[in-house]
Amino acid sequence: MICKLCLCDKDLKNSHIIPNAFIRRIKENGLATHVTSDINEPVRNSIESYHEKMLCGNCEQLLSREYERYSIRFLKGGAKGVKFIHHSDKVKVLGADLRRIYLFVLSVFWRAAMSNERIFNEKVFFPDYLLEEFRKCILLGKVNHSSVYILKISRLVCNHDFPNMTGEKFVRDLVMLPFHRINDNEASFHWIALGFVFSFSVSSSQLKPIGSTILRGHGSKVSAVYVELRNIPEIIAILDTIHKREIPS
């Protein structure tokens with residue numbers, strides 16, 4: 001079978017669309033839930049870790065070694081040499097390898113768009129020329145700084161608590177599947193992972209972004225503007241759904 005990253009004919013592995021480390025973390029903290037738009041389907045504890053035959057063993061190792069391990073440590077606040085300086089309106093990040101974080105986030109959007117799972121390909125979609133550009137960037141470890149698209153980074157905050165946990169802990173453990181915002185002419189794509197919000201759009205997009213700081217694929221410093229959880233309708237919709245439906249024991 002053909003690996004979707006290197007395009008070689010090899011045995012394919014079960015590749016996780018969202019890295020399994022995130023799924024393990026939220027399951028351990030009791031936050032893994034499955035929610036659909038079907039009002040007749042109840043919220044339930046989730047055991048789903050979306051994966052499919054997509055990448056060969058070498059490409060799986062490439063993603064893990066070059067991007068995932070470092071980026072997950074960064075998101076958890078444990079990347080070596082990285083400092084987080086908190087201000088009233090943003091967190092300033094120093095000493096980060098932004099290239100690896102950028103390509104990691106790009107790989108999540110790319111895998112979601114390339115997936116055969118309906119839950120992903122109905123939410124994340126790009127024209128073929130962009131998918132090919134993403135593939136080459138991820139495979140070669142190089143960011144195309146002249147491309148028409150941009151990535152933005154924000155820091156999610158929650159200024160209220162929940163019955164069984166603080167808002168800070170909820171945000172820190174929150175992982176969502178990628179989702180889009182769309183109008184008649186364009187779409188933007190968003191992914192929330194462990195307190196950070198990553199947003200993807202073309203540079204001329206008129207859609208209201210989540211946050212405003214561009215994540216560049218080079219350097220070591222970036223400031224992530226705070227975004228209040230209650231200002232992201234997609235999160236509120238999920239919380240409302242969970243609240244309105246009974247979770248089976």
Single-linkage hydrophobic cluster V148~V143, side-chain heavy atoms < 4.5 angstrom:
yes
If I take atom NZ from residue K4 and atom CD from residue E52, how far apart are they, to the nearest 0.5 angstrom?
5.5 Å
Tell me the closest heavy-atom pair linking F189 and A187, and the distance in Å.
CZ-CB, 3.8 Å
What do the steps show when you test H16 against N14 for side-chain contact (heavy atoms from CB on, under 4.5 Å), and what is the final call?
CA-CA 7 Å; H16 288 92; N14 271 322; 5.9 Å; no
Does any part of the side chain of I150, heavy atoms only, come nearer than 4.5 Å to the side chain of K152, both counted from C-beta?
yes
Check whether any side-chain heavy atom of N159 sits under 4.5 Å from a side-chain heavy atom of E228, and report yes or no.
yes
Hey, could you give me the OG/CD distance between S64 and Q61, rounded to the nearest 0.5 Å?
5.5 Å
I'd like to know whether F104 forms a ring-ring contact (aromatic ring centres under 6.0 Å, His included) with Y70, so could you lay out the CA-CA distance, the side-chain angles of the two residues, the decisive distance to 0.1 Å, and finally the verdict.
CA-CA 9 Å; F104 167 70; Y70 176 84; 9.9 Å; no
Steps toward side-chain contact (heavy atoms from CB on, under 4.5 Å) verdict (K53, K13)
CA-CA 5 Å; K53 299 286 187 180; K13 305 295 183 181; over 6 Å; no
Measuring from atom CG of L103 to atom CG of L63, what distance do you get when rounded to the nearest 0.5 angstrom?
10.0 Å
Note, V105 side chain near I153 side chain (heavy atom, < 4.5 Å):
no
Do you know the tightest heavy-atom contact between G167 and C158?
O-CB, 3.7 Å
What are the two closest heavy atoms between M1 and L12, and how far apart are they?
CB-CD1, 3.6 Å
Distance check, rounded to the nearest 0.5 Å: L151 atom CG versus L98 atom CG?
11.5 Å
Considering only distance and modelled atom types, tabulate donor-acceptor pairs under 3.5 Å from the side chains of residues 123-141, sequence neighbours left out.
residue, atom, partner, partner atom, Å
E132, OE1, R135, NE, 3.0
E132, OE2, R135, NH2, 2.8
E133, OE2, N144, ND2, 3.2
E133, OE2, S147, OG, 2.8
R135, NH1, L5, O, 2.7

Is the closest side-chain heavy-atom distance between L194 and F196 below 4.5 Å?
no
What heavy-atom pair brings A224 and S154 nearest, and what distance separates the two atoms?
CB-C, 3.9 Å
Taking atom CD of E168 as the centre, does the number of heavy atoms from other residues, nucleotides or ligands within less than 6.0 Å exceed 12?
no
pair F179-I192: side-chain heavy atoms closer than 4.5 Å:
yes
Mind checking whether M114 and I2 sit in one hydrophobic cluster, side chains of I, L, V, M, F, W, Y counted as touching below 4.5 Å?
no
Check V222 against I214 and note the closest heavy-atom contact, atom names and distance.
CG2-O, 4.0 Å
By salt bridge (Lys or Arg N to Asp or Glu O under 4.0 Å) - contacts of E66 (at least two apart):
none
Rounded distance [0.5 Å steps], OG in S223 versus CG in L215:
11.5 Å
Would the F200 and Y149 ring centres measure less than 6.0 Å apart?
yes
At what distance, to the nearest 0.5 angstrom, does NZ of K10 lie from SG of C56?
4.0 Å
Report yes if some heavy atom in the side chain of I235 is under 4.5 Å from a heavy atom in the side chain of M176; otherwise report no.
yes
Shared ILVMFWY cluster between M54 and L7, side chains joined below 4.5 angstrom?
no
In sequence, state the C-alpha distance, the side-chain angles, and the governing distance for I17 and E117, and then conclude on side-chain contact (heavy atoms from CB on, under 4.5 Å).
CA-CA 10 Å; I17 310 304; E117 291 274 2; 5.5 Å; no
Common cluster, L94/I101, ILVMFWY with side-chain heavy-atom separation under 4.5 Å:
no
In terms of heavy-atom contacts, Y226 and K90 come closest through OH-O, 3.1 Å
Set out, in order, the CA-CA distance, both residues' side-chain angles and the distance that settles ring-ring contact (aromatic ring centres under 6.0 Å, His included) for H180 and H190, then state yes or no.
CA-CA 6 Å; H180 68 248; H190 311 273; 9.2 Å; no
Quick one: are S15 and E60 in side-chain contact, heavy atoms under 4.5 Å?
yes
Please assess V197 against W191 for the test side-chain contact (heavy atoms from CB on, under 4.5 Å), listing each intermediate value before the final yes or no.
CA-CA 6 Å; V197 185; W191 181 46; over 6 Å; no
Any side-chain heavy atom of I232 sitting closer than 4.5 Å to one from L156?
yes
Does the pair R111 and S107 meet the rule for a side chain to side chain donor-acceptor pair (under 3.5 Å), with working shown?
CA-CA 6 Å; R111 279 177 278 185; S107 78; 2.9 Å; yes
Answer yes or no on whether R216 is positioned over the face of Y102, meaning its NZ or CZ is under 6.0 Å from the six-membered ring centre and within 45° of the axis.
no
